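Quick caveat, the model's predicted, so the values are computed rather than measured.
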Amino acid sequence: MVASPHGKVRIGIGLLGARSLPDLGTEFDELLDALDKSAVDSLWLADLPSTGVVESTVGSAWAAARTRRLKVGTGVTVLPGRNPMLLAAELASLAVLAPKRILPVFGIRAASPHDRQLYPVPGRLAAVFEESVTVLRRLLTEDSVTHHGEFFTLDDATIVPRPARPLDLWFGGRADAGLRRAGRLADGWLASFLTPAETARGRAVIEQAARDAGRTIDDDHYGTNIWLAVPGTDTDAALARAALQRPDADPRELVGIGWDGTAELIRRHLDGGITKFVVRPSAPVDDWAAYLDEFTAELGPLESG
């Protein structure tokens with residue numbers, strides 16, 4: 001195990017797409033059944049409607065119901081364009097039905113430009129996002145909410161049932177404005193397509209913004225996604241995909257080449273204060289049980305706490 005001065009190190013599984021869309025439900029159930037028998041503690045679902053993945057909120061409900069200990073995170077769910085009041089009710093019910101197992105992460109816009117048309121926003125993205133977070137958090141924690149804002153209006157609104165323990169709301173994002181927003185408003189940060197040097201800097205920016213706002217974020221509430229070029233798959237294709245997302249960065253700083261390369265990337269992020277990791281395979285997985293066995297053997301020793 002690897003000790004971190006910043007708290008527990010945890011490594012979860014991220015889902016890419018199904019081997020073929022007609023088999024999506026079967027493959028998702030195969031993954032969940034294999035996860036429930038494994039030592040992996042979390043599954044992370046992305047908000048990518050056009051790529052053949054399970055929708056993050058619905059998938060979280062299905063995964064939490066089919067398993068008994070698995071934590072389920074959304075990495076990340078686009079918030080502007082969604083109704084934060086109804087989302088609060090959905091998350092509250094999920095958290096009551098699966099206590100301490102629901103891990104929501106929110107972003108400001110869809111990763112794919114093609115998907116952005118699916119999230120109509122009645123105003124400036126950043127302003128809508130921040131007011132949505134305010135409404136969402138208040139509904140998840142307060143008995144009665146009256147809110148008259150620029151985009152949302154509530155009078156004596158109530159969400160029941162609500163979880164006994166408030167949900168932590170994490171943010172994604174990599175631009176400086178988003179990092180400062182996380183410091184002001186979030187309970188944690190989950191990065192994507194950032195190098196180890198960039199996640200270390202991102203954590204520093206967030207911590208400073210939190211201090212400026214008179215608040216703190218738990219020391220171990222900083223994470224990142226890592227793409228794994230699965231052994232036996234097309235490494236060049238994985239690197240090319242990363243280069244499309246970040247043409248300004250060396251793709252080998254973003255993609256772990258095989259298990260050894262992924263473990264080394266995790267260690268480098270750990271050195272910068274990142275302790276939570278979502279490892280996403282760069283290609284569809286044919287045998288989830290075998291993949292999880294390898295995952296646990298190769299990356300499990302890096303966990304701690």
Side-chain angles (χ1 to χ4, degrees), residues 14-15 28 43-65 71-98 101-142 145-155 157-163 166-175 177-178 181-182 184-192 223 225 278:
L15 185 61
F28 192 48
L43 170 68
W44 296 79
L45 303 175
D47 192 7
L48 299 169
S50 64
T51 59
V53 297
V54 177
E55 196 279 328
S56 55
T57 305
V58 173
S60 295
W62 186 271
K71 298 174 184 174
V72 189
T74 62
V76 298
T77 294
V78 178
L79 186 52
R82 280 185 163 88
N83 182 322
M85 292 78 77
L86 296 181
L87 183 59
E90 293 166 353
L91 289 174
S93 289
L94 271 175
V96 167
L97 295 170
R101 295 170 58 200
I102 305 302
L103 309 172
V105 184
F106 298 108
I108 196 167
R109 67 176 185 174
S112 164
H114 182 71
D115 285 346
R116 290 170 192 164
Q117 62 187 317
L118 305 179
Y119 305 89
V121 178
R124 305 177 312 283
L125 271 178
V128 172
F129 181 87
E130 294 196 14
E131 189 173 335
S132 295
V133 169
T134 297
V135 169
L136 185 64
R137 193 184 294 280
R138 290 190 64 193
L139 285 169
L140 286 169
T141 56
E142 298 179 22
V145 176
T146 295
H147 173 91
H148 293 179
E150 183 178 357
F151 307 108
F152 306 105
T153 299
L154 296 171
D155 288 296
T158 300
I159 293 294
V160 288
R162 292 197 312 277
L167 279 169
D168 287 333
L169 306 181
W170 287 38
F171 292 1
R174 63 175 180 247
R181 184 181 303 114
R184 289 189 290 109
L185 298 173
D187 299 309
W189 177 53
L190 182 67
S192 184
N225 286 274
V278 179

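Separating the CZ atom in R138 from the CG atom in L140 is a distance of 12.0 Å, to the nearest 0.5 Å. Considering CD of Q117 and OG of S112, their distance stands at 9.0 Å, rounded to 0.5 Å. Taken from CG in L48 to CD in E55, the straight-line distance is 10.5 Å, to the nearest 0.5 Å. Atoms CG and CZ, on L169 and R137 in that order, are 4.5 Å from each other to the nearest 0.5 Å. In this structure, CG on L86 lies 11.0 Å from CG on L91, to the nearest 0.5 angstrom. Rounded to the nearest 0.5 angstrom, T74 OG1 and W44 CH2 are separated by 7.0 Å.
The shortest side-chain heavy-atom distance between I159 and V145 does not fall under the 4.5 Å cut-off. Residues L94 and L167 form no side-chain contact, since every pair of their non-hydrogen atoms from C-beta on lies 4.5 Å or further apart. Here the side chains of M85 and V135 are in contact, with some heavy-atom distance below 4.5 Å. Counting only heavy atoms from C-beta outward, the side chains of D155 and T153 approach each other to under 4.5 Å. Side-chain contact between F152 and L136 is absent, with no heavy atoms from C-beta onward closer than 4.5 Å. Looking at heavy atoms from C-beta onward, Y119 lies out of side-chain contact with P80 at the 4.5 angstrom threshold.
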From CA spacing to verdict: side chain to side chain contact (heavy atoms under 4.5 Å, CB included), W62, L45: CA-CA 12 Å; W62 186 271; L45 303 175; over 6 Å; no

Taking it one step at a time, do F151 and V121 satisfy side chain to side chain contact (heavy atoms under 4.5 Å, CB included)? CA-CA 10 Å; F151 307 108; V121 178; over 6 Å; no

Output, in order, the C-alpha distance, side-chain angles, deciding distance and verdict of side chain to side chain contact (heavy atoms under 4.5 Å, CB included) for V78 and L118. CA-CA 10 Å; V78 178; L118 305 179; over 6 Å; no

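Every ring pair (Phe, Tyr, Trp, His ring centres under 6.0 Å) that F129 has, sequence neighbours left out, goes to F171. With sequence neighbours left out, the salt bridge (charged side-chain N to carboxylate O under 4.0 Å, His left out) criterion links E130 to R181, R184.
Nearest heavy-atom pair, A88 versus L139, reported as atom, atom and distance to 0.1 Å: CB-CB, 3.9 Å. G75 approaches V105 most closely through the heavy-atom pair CA-CB, 4.5 Å. Counting all heavy atoms, side chain and backbone alike, T77 lies closest to S56 at OG1-OG, 3.0 Å. Considering every non-hydrogen atom in both A111 and P113, the closest pair reads O-CD, 3.6 Å.
One finds no salt bridge joining E90 and R82 here, because no Lys/Arg side-chain nitrogen approaches an Asp/Glu carboxylate oxygen to under 4.0 Å.
For R116 (side chain) and A110 (main-chain N/O), a donor-acceptor pair under 3.5 Å exists by modelled atom type.
Results of the side-chain contact (heavy atoms from CB on, under 4.5 Å) test with F106 over L79, D47, L185 single out L79 as the only residue that passes.
Surrounding CZ of R101 are more than 12 heavy atoms belonging to other residues, nucleotides or ligands, all under 6.0 Å away.
Side-chain atoms of D115 and S50 form a donor-acceptor pair, as typed in the model, at a separation below 3.5 Å.
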